[in-house]
Amino acid sequence: MIVRDHPSALQLYIVMQGSIVPRIIGKIVGIAFLTTAVVVIDTHVVRLPHISIAAMSIFGIALSLFLGFRNNAAYDRWWEARKLWGAMIADVRNLGRHMCIFVGNGADRAHILSWAVAFAHLHRGALRDVDVSAEITGWVGAETASDLLAHQNPADAALRSMADQIGSLTGQQAISGFGQMTISKTLSSLALAQAGCERIKSTPLPFVYSLLIRRTTYLYCWLLPFALIEPTGAFAPLLAAVVAYVFFGLQTVTNELELPFQNVHNGLPLDAMCRTIEISVSEALGQPAPKPLVPKDYVLT
Amino acid sequence: MIVRDHPSALQLYIVMQGSIVPRIIGKIVGIAFLTTAVVVIDTHVVRLPHISIAAMSIFGIALSLFLGFRNNAAYDRWWEARKLWGAMIADVRNLGRHMCIFVGNGADRAHILSWAVAFAHLHRGALRDVDVSAEITGWVGAETASDLLAHQNPADAALRSMADQIGSLTGQQAISGFGQMTISKTLSSLALAQAGCERIKSTPLPFVYSLLIRRTTYLYCWLLPFALIEPTGAFAPLLAAVVAYVFFGLQTVTNELELPFQNVHNGLPLDAMCRTIEISVSEALGQPAPKPLVPKDYVLT
Amino acid sequence: MIVRDHPSALQLYIVMQGSIVPRIIGKIVGIAFLTTAVVVIDTHVVRLPHISIAAMSIFGIALSLFLGFRNNAAYDRWWEARKLWGAMIADVRNLGRHMCIFVGNGADRAHILSWAVAFAHLHRGALRDVDVSAEITGWVGAETASDLLAHQNPADAALRSMADQIGSLTGQQAISGFGQMTISKTLSSLALAQAGCERIKSTPLPFVYSLLIRRTTYLYCWLLPFALIEPTGAFAPLLAAVVAYVFFGLQTVTNELELPFQNVHNGLPLDAMCRTIEISVSEALGQPAPKPLVPKDYVLT
Amino acid sequence: MIVRDHPSALQLYIVMQGSIVPRIIGKIVGIAFLTTAVVVIDTHVVRLPHISIAAMSIFGIALSLFLGFRNNAAYDRWWEARKLWGAMIADVRNLGRHMCIFVGNGADRAHILSWAVAFAHLHRGALRDVDVSAEITGWVGAETASDLLAHQNPADAALRSMADQIGSLTGQQAISGFGQMTISKTLSSLALAQAGCERIKSTPLPFVYSLLIRRTTYLYCWLLPFALIEPTGAFAPLLAAVVAYVFFGLQTVTNELELPFQNVHNGLPLDAMCRTIEISVSEALGQPAPKPLVPKDYVLT
Amino acid sequence: MIVRDHPSALQLYIVMQGSIVPRIIGKIVGIAFLTTAVVVIDTHVVRLPHISIAAMSIFGIALSLFLGFRNNAAYDRWWEARKLWGAMIADVRNLGRHMCIFVGNGADRAHILSWAVAFAHLHRGALRDVDVSAEITGWVGAETASDLLAHQNPADAALRSMADQIGSLTGQQAISGFGQMTISKTLSSLALAQAGCERIKSTPLPFVYSLLIRRTTYLYCWLLPFALIEPTGAFAPLLAAVVAYVFFGLQTVTNELELPFQNVHNGLPLDAMCRTIEISVSEALGQPAPKPLVPKDYVLT
């Protein structure tokens, strides 16, 4: 995630970090060049067929609506993913309070909370396809870490182990029925957030939308020069470049937001949120808390 | 569900798997041909009546808005259906943890979880109108399978049987009131997701929208050639084909998303999600878990 | 509710069942005739004032947006109503399972479930303003039926009676506190769905929207001929008819979806959903279940 | 709230009750007169500067989008407010059932339910800034009424008193822990709905939107005559009046829906909903229920 | 938050408090001046390249849609933030009632409620990056205040302390399991609202949107003069200024709503809402309640 203040009007055009211009500059320049070529050929070589700007405007409105739809859907996925992680942060804190109320502030609580941190890291590992054994070893030990990672769904295995621990507290009469119920609800809430994130990861927007919208965007930008010859004169290449910037830019942003767990500039800062969980757990356990992650080059991973 | 990476710009126009072009190519070519005919006749034979592009643009904006509405509504149905299945996956996992906390890791837990897998398959069978007796026999036995399938609503019957088992645990004092309450809530949650899916299957978008929008799309595409004669010249057939591609394509996608449980390219991968449930249950029971389903020709069923 | 497959392209223009054309054909023909008259008079008799199509397009875009708003709001009401009924179906099934877990499969369960069916019918009766005494007599007896119907809110009275029965089970020590709590939650859930439906029935969209949008639609269609004279030539009457079809059609659909409980073509199939509840309850009680309702002439009531 | 059937096409233009025309007729006539003046001066006196209709159309589309946004936001507030009151009605009914299940049908239940009616009236009083002491005296007595009204937040004080009564039942062992929990949840649900209504009342749409959109609407309508001179001829004043009707009308509606608790034509019928609560409570207590409120001149307050 | 009545038509153009005009007047005047310069140079010095207004209109519609998207997203954040604070107000009141029902009206209740006020202030302090030690000292004492503020997340620490107090009541048998469960749920609800606010504060809209939309707005306004030369004549500078007002104005509002906890004109009135909580708690404790905050110069902080 890019973290920086709104740039001033002067900075606005030179900020490159966090911008999608570097990734689509080829397309923008390509369209501008094509437009220049079309205008030059049309004026000096041979008259090319023109398209009336009104015809393009029908096309443009339809394209705007469909790009807008895809953008909304992708943003909703991104924001829902952030909400699910926010709920997980709250649930881990709740878990700490529930253990305190129903079991007490002893070793069992520290144990369960350490597993909750492991759960968060394992979940992050599954969403980003990265190895998190280093991060969880400090919390649950190397052996348990490799046990957990041997499962197809290690985060789910962590939750199951937490339930086993609650189950064994039950056997020891160390927790009341009220405590079992409250804590199993909190675990269910974590599981629901986990399943929600898996859903977002495993079910992208229907592929056919991407095809339909990307194809149409290319077609639009390729036809645009023939529509701009007449009505914009010398501004034609500039206008074509601006339109290409808007449409390809929006499409590139949308591609990133659609899969919010990827480690890209506009992805969610899963590392930073796992750190937030570690801080909350450390403070809950009265241990020295690590520092929050800070952005590097304005990017929080 | 189509599962593949975003194609590069070069691949974009040759990807056919997952595209809706094959299904609407007839309409696209038809409109292009009609436009060519109209242009040729207008130029060389007899002047046909023209429609100003501005008049068509009013029509086009209205059509875009209504197509956009239908598309949004269909996508919402598709995504809600996916959410409901995701919630069911989480609920089955929760059920395993709740049995562990409140009943223990014995035969009763294995029994209930096997029934939960059967529930998922039976629900899938009802949504897709397919026979699932083979899939559930391994989990609940052949006799029970045919018993369940004899009901009008077999998935509901499976949930009822699970409740009966909890009821008999109650009689044996093997479960506390807290456990009864927690587990009956989880069963209710599964039932709510089931009823939600039945709602989406049994209540399509109001039929009249389909009529209104499809009729209007056809009318629009048939009138378009008369509007494109003047302002687009030699590009007219190409533009008409592109507009037909966008409007008919969106409509075809929408038809598939509207009924998300059908076994079509853009339907939900119910088989793969039932497999996910089988994996979760197998891991919860400490049994060897099956492999996740993989896409064939980029299609996950 | 209309239940039929998407018509093929050929059928599309002859399907009348489920179409709103029959109800607005007068307006469509009227506008087409008016346009013809305006064109003929303008061409052969006296030049009428023209309106530029661009001026109408501003008007048209505003109108599309506002029609789109009303359409969205009405569809949301319709879909929320369907969701509430779907939740009621799930809640009745839950009630059966909860009685089984907390009270057992005896006469008390049959009693409560019969009342739940009566509740559904009484609720349907209030929403549709129809008499349901015949349907509920079979479930709760003639005397109780007339007792219930004597209340201003018979469905609420049915829920209250169910609570009284749970209260008397409490007195007999036949139900635990857990059971009381779980079942009273399920009754509350039914009551919430009921109050939601009453809300939708008693609070239509603000009347002023209907006035504003309907008046504007008429004005738009009456001014349209003067805008179509020039830019569409011989197509003017056809285009005017198509625009009238889209705008009046959408408005008529919206009027029906706005009040989703009415017994009209696009209303919700309350009879069929009450039958679904009867089937679920019959299967839960081990009784022979009635058949689901089937559409007559593609209409499910 | 206006309650009347959709007017027929003939009635449509003469219905004044529930219309916003009377409130904006001055603006409409003003714009029409201005347009007439501009046309006359431009034709017969001195040529005024013209604005091309295309330039106005950019402006018009932006304005439509922003008016549409504000309209959506205001309607959402109105509908959310109605949902909150609907939930309160259900919660009061639930409270009656819960008292019956957990405490019994005696004087305590009657007492709590009377306070629930008082709560609804006090809440309405706070939302509408009206005095409700007359309405609640009949339910809780004059002394209690004036006690409650002495608080800054009388409705919250009523809920607190209800909790005190539950607390004293606890002291008398007249209610189980299950009952305490269920009933305190219902009270919390009432409090949540109350806080939601307070939120809607105390936090209007950001003031700056009103300024931005209203100023822009006026500017648009004042510039419109200069754009209509050319393209609409004799229709100019009529078209200007229609556009003014749509834009000012929508704005006036939005102003009312934004603050849904005010006692205006499009406000929510709080009096009628409090009566619904009184009816439910009376029927629950077996007392003769009052009649529902009926609209006067099609207006339900 | 600006609190004032809708201004009359006459006041509309002179209201400056709550308007964003002062902050964008430079840009508006700049664009108007640029337009004047372009028109003058084009007419009297040298013909500049023109852009057809139709080409700009495609651009304008796309820009409106994207500005509209960003505006919607920002408003949703602002309104969600307000909902979360509204839920917190209700939860603090619920906490008071729950303590009364499950623990009684003694010192423990006063203690917990004082901490709840401290929680609200600490949360506000974290959201606004302000020091709140003065506000909380009166409620929890100076020593506790500085203890709490030593944590990385002081509001979370306050909730943890409240859980500790509930835990110690458990040790003293002063609270039942039902009370533990109900109150720990209320604390969880506060924690969820807290995490929601932290999410909104720490996760702004993706930075790339701001860049994309702001850059495009500037480009649009700079190109506009070349499009307005022809079709608007003497009105060109006025129209350009109006368009700049709409687009820059909307962008400035959006920037404020995007971060709703900042102490700016359109930010949320966190001070006033903390005061509401203090009033509720004071009334619940039977103490004299402070006065609500009143707006200064129409601004509530």
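Quick caveat, the model's predicted, so the values are computed rather than measured. The sequence lines fix the lettering, A, B, ..., with proteins before strands; numbering per chain opens at 1.
- The distance from atom CZ of A:Arg93 to atom CG of E:Leu190, rounded to the nearest 0.5 Å, is 12.5 Å.
- The NZ atom of E:Lys185 sits 12.0 Å away from atom CG of A:Asn94, with the distance rounded to the nearest 0.5 Å.
- From A:Asn266, atom CG reaches atom CG of E:Leu205 across 11.5 Å, with rounding to the nearest 0.5 Å.
- In this structure, the portions of A:Lys83 lying under 4.5 Å from any heavy atom of chain E include both its backbone and its side chain.
- With a 4.5 Å cut-off on non-hydrogen atoms, A:Asn105 touches chain E through its side chain but not through its backbone.
- For a residue to count as touching a neighbouring chain, one of its non-hydrogen atoms must lie under 4.5 Å from one of that chain's; by this rule A:Ser280 touches chain E with backbone and side chain alike.
- Heavy atoms of A:Met273 lying under 4.5 Å from chain E are absent altogether.
- Within the model, atoms CH2 of E:Trp222 and CG of A:Leu238 stand 11.0 Å from one another, a figure rounded to the nearest 0.5 Å.
- Scanning both residues, E:Ser202 and A:Met1, for their nearest heavy atoms gives O-CE, 3.5 Å.
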(Q) Set out, in order, the CA-CA distance, both residues' side-chain angles and the distance that settles ring pair (Phe, Tyr, Trp, His ring centres under 6.0 Å) for A:Tyr75 and E:Phe69, then state yes or no. (A) CA-CA 10 Å; A:Tyr75 174 73; E:Phe69 160 73; 5.4 Å; yes
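- Ranked by heavy-atom pairs under 4.5 Å with chain A, the list E:Gly196, E:Gly167, E:Ala191 is led by E:Ala191.
- If you measure heavy-atom distances from E:Leu192 to chain A, the contacts under 4.5 Å come from both the backbone and the side chain.
- Looking only at distances, a side-chain donor or acceptor of A:Glu283 sits under 3.5 Å from a matching main-chain atom of E:Gln152.
- Proximity to chain E (any heavy atom under 4.5 Å) is restricted, for A:Trp78, to the side chain, taken from C-beta onward.
- For the ring pair (Phe, Tyr, Trp, His ring centres under 6.0 Å) test, no residue two or more places apart in sequence or in another chain qualifies with A:Phe66.
- Taking every heavy atom of both residues into account, E:His50 and A:Phe235 meet most closely at O-CD1, 4.5 Å.
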Q: Tell me, with the steps shown, if E:Asn153 and A:Ile279 meet side-chain contact (heavy atoms from CB on, under 4.5 Å).
A: CA-CA 9 Å; E:Asn153 192 330; A:Ile279 294 170; 5.9 Å; no
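- In this structure, E:Arg199 satisfies the cation-pi test against A:Trp79, with its NZ or CZ atom closer than 6.0 Å to the six-membered ring centre and inside 45 degrees of the ring normal.
- Of residues 249-260 of chain E, those residues with a non-hydrogen atom less than 4.5 Å from any non-hydrogen atom of chain A are, in numerical order, E:Asn255, E:Glu258.
- Under 4.0 Å is where a charged nitrogen must lie from a carboxylate oxygen, and between E:Glu80 and A:Arg82 no such pair does.
- Contacts between E:Thr203 and chain A at a heavy-atom distance below 4.5 Å involve backbone atoms as well as side-chain atoms.
- Highest contact tally toward chain A, considering only E:Gln180, E:Arg215, E:Met181, is held by E:Arg215 [criterion: heavy-atom pairs under 4.5 Å].
- With respect to chain E, the highest number of heavy-atom pairs below 4.5 Å among A:Phe247, A:Trp85, A:Phe102, A:Phe59 belongs to A:Phe102.
- Contacts between E:Gln194 and chain A at a heavy-atom distance below 4.5 Å involve the side chain alone, from C-beta outward.
- The candidate with the highest count of non-hydrogen atom pairs below 4.5 Å against chain E, out of A:Cys100, A:Gly179, A:Gly96, is A:Cys100.
- Residue contact with chain A, scored on non-hydrogen atoms closer than 4.5 Å, is absent for E:Ser168.
- Side-chain contact annotation: A:Asn71 with E:Tyr209, donor-acceptor N/O pair under 3.5 Å present.
- Using a 4.5 Å cut-off between heavy atoms, A:Tyr245 contacts chain E through both its backbone and its side chain.
- Only the side chain of E:Leu65 comes within contact range of chain A, judged by heavy atoms closer than 4.5 Å.
- Both the backbone and the side chain of E:Leu159 come within less than 4.5 Å of a heavy atom of chain A.
- Heavy atoms only, all atoms of each residue included: A:Arg97 and E:Asp156 are closest at NH1-OD1, 4.0 Å.
- Taking every heavy atom of both residues into account, A:Ala90 and E:Ala195 meet most closely at CB-CB, 3.7 Å.
- Listed options A:Val3, A:Leu224, A:Thr182 were ranked by heavy-atom pairs under 4.5 angstrom with chain E; first place goes to A:Thr182.
- For A:Val21, the part sitting under 4.5 Å from any heavy atom of chain E is the side chain, from C-beta outward, and nothing else.
- Heavy-atom distances place both the backbone and the side chain of E:Ser184 under 4.5 Å from chain A.
- Between E:Ile183 and A:Ile101, the closest side-chain pair of non-hydrogen atoms is not below 4.5 Å.
- With a threshold of 4.5 angstrom between heavy atoms, E:Phe178 approaches chain A through its backbone and through its side chain.
- Contact of A:Val243 with chain E is not made at all, since no heavy-atom distance falls under 4.5 Å.
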